[in-house]
Number of protein chains: 2
Amino acid sequence: MNSPTMRSSTKPTGLDCRLAVLGSDVRLTPHRREVFDVLASSTDHPTAYDILDRVKSRSPHISLATVYNCLEHLTTHGLIKQVHLDRGQSRYCANLHEHIHFHCETCGKVIDAHPAADFDPAKFWNFPKGTKVTRMEIAIHGTCETCTAKH
Amino acid sequence: MNSPTMRSSTKPTGLDCRLAVLGSDVRLTPHRREVFDVLASSTDHPTAYDILDRVKSRSPHISLATVYNCLEHLTTHGLIKQVHLDRGQSRYCANLHEHIHFHCETCGKVIDAHPAADFDPAKFWNFPKGTKVTRMEIAIHGTCETCTAKH
DNA sequence: ATTAGAATTAGAATGATTCTAATCATAGTG
DNA sequence: CACTATGATTAGAATCATTCTAATTCTAAT
């Protein structure tokens, strides 16, 4: 679990709690924190609607627009990752380690898979000299071990 | 270029031209063939709208719905591939070789990259025993060599 | 010729996401 | 402590790609 550490340089009075992550400075309002907390305690890659449902148990008045705003904010500041599977609804995850997603086409579940230590994309796909890689999005589709076992 | 070979077992009278691809039997109507031809002669991963524009020069009355139908048909029969980049519009390509996509975030271009001969996904991401992989969708985002050179 | 089964069509419907405009809250300033 | 600028939040409208619907047309096999 990636729990960014609390910053003390700016006094955190009222809503102005901040997290220092990857060098950037993120202002965490109560809603943003709730959205982040929901995600940090989820391993199922929820959609914006899923997150809305879960956050509602603490903040019944939160709106879908706010959830989208929070997710956008958290994503652009590197606190969470947006996950895409084909053209389905965006999903989100708080696992910031380099990883890919396995999608079971039978039960629909999405699980993280972490690369071997020596994994280097440029080594396996010959990009022209000078190509700069900033981001990889890798989705593997198939049947998970549980569904395979069920035959 | 992958040009599936014409089949002669069923006499191809009128519209009933067929292509034998990967063991399945695909009926190619004129629209389907035009969509396929447009795609086979494109290397820029056009969207459904791009394809509509290009096919219109030959069939001015073709509709977007038909383009979508044709693309769907060709995709499910394995003649073309649907490409997803984040949640953007679906793109299509006729390159059936195992490959991934590089997306330049500066100029927007999408290029194919082919894996090294010894590439094996299961080797780099530790999936649980029994996991079956049927499909991989890999997108690498960054800056292409042209845009990098332009500084 | 007739018929059954597809293909094609225009336009409506859907569904995820983004935008808009208004309201509210906070932090910093005098 | 008021005041103000900035940003957060909201409901609902708008957008956009895609899918669906229902009607029409085409084709291939009787």
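As the structure is a computational prediction, the values presented were derived from the model and not from experiment.
- Side-chain proximity of T29(A) to the nucleotides dT9(D), dT18(D), dT17(C) is greatest for dT9(D).
- Pairing analysis of DNA chain D (Watson-Crick: purine N1 to pyrimidine N3 plus N6-O4 or O6-N4; G-U wobble: N1-O2 and O6-N3; both under 3.5 Å) yields stems of 3 or more pairs at C:1-30 with D:1-30.
- In summary, the side chains of H114(A) and N95(A) do present a donor paired with an acceptor at a separation below 3.5 Å, with no hydrogens or angles considered.
- If you take CD of E72(A) and P of dG7(D), they are 15 Å apart, rounded to a whole angstrom.
- Contact check, H31(A) against dT10(D): a side-chain N or O comes under 4.0 Å of OP1 or OP2.
- In this structure, the CD1 atom of I51(B) is 14 Å from the P atom of dA17(D), given to the nearest Å.
- Proximity note for Y49(A) (side chain, C-beta onward) versus dA7(C), dT17(C), dA8(D): the nearest is dT17(C).
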Q | E137(B) and H84(B): CA distance, side-chain angles, deciding distance, side chain to side chain contact (heavy atoms under 4.5 Å, CB included) verdict | A | CA-CA 8 Å; E137(B) 183 145 37; H84(B) 301 104; 3.1 Å; yes

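- Rounded to a whole Å, the CG atom of L52(B) is 14 Å from the C1' atom of dT8(C).
- Annotation: proximity of residues 58-69 of chain A to DNA chain D (heavy atom, distance under 4.0 Å) is found for H61(A), I62(A), S63(A), A65(A), T66(A), N69(A), numbered in ascending order.
- Side chains of H97(B) and D112(B): a donor-acceptor N/O pair is absent below 3.5 angstrom, by distance only.
- An OP1 or OP2 oxygen of dA17(D) is reached within less than 4.0 angstrom by no side-chain nitrogen or oxygen of R87(A).
- Residue T47(A) is out of contact with every strand shown, counting any heavy-atom pair closer than 4.0 Å.
- Distance alone, capped at 3.5 Å, places no donor-acceptor pair between the S59(A) side chain and the K56(A) backbone.
- When all heavy atoms are compared, the tightest approach of T47(A) to R91(A) is CG2-CG, 4.1 Å.
- The distance between atom CG of D86(A) and atom P of dT18(D), rounded to the nearest whole Å, is 12 Å.
- Atoms CZ (R33(B)) and C1' (dC26(D)) sit 18 Å apart, rounded to a whole Å.
- The two residues C144(A) and C104(A) have their closest heavy-atom pair at N-SG, 3.4 Å.
- Rounded to whole Å, atom P of dT9(C) lies 11 Å from atom NZ of K56(B).
- Of all heavy-atom pairs between L79(B) and L96(B), the closest is O-CD2, 3.6 Å.
- Spacing between atom CD of Q89(B) and atom C1' of dA16(C) amounts to 15 Å, rounded to whole angstrom units.
- Heavy atoms of other residues, nucleotides or ligands lying less than 6.0 angstrom from CZ of R135(A) number more than 12.
- Summarising the geometry, the separation between NE2 on H73(A) and C1' on dT9(D) is reported as 14 Å, rounded to the nearest angstrom.
- Between H101(A) and H45(A), the ring planes lie perpendicular to each other; the angle is over 60°, past the 30° to 60° tilted range.
- For R27(B), no side-chain nitrogen or oxygen approaches OP1 or OP2 of dA7(C) to under 4.0 Å.
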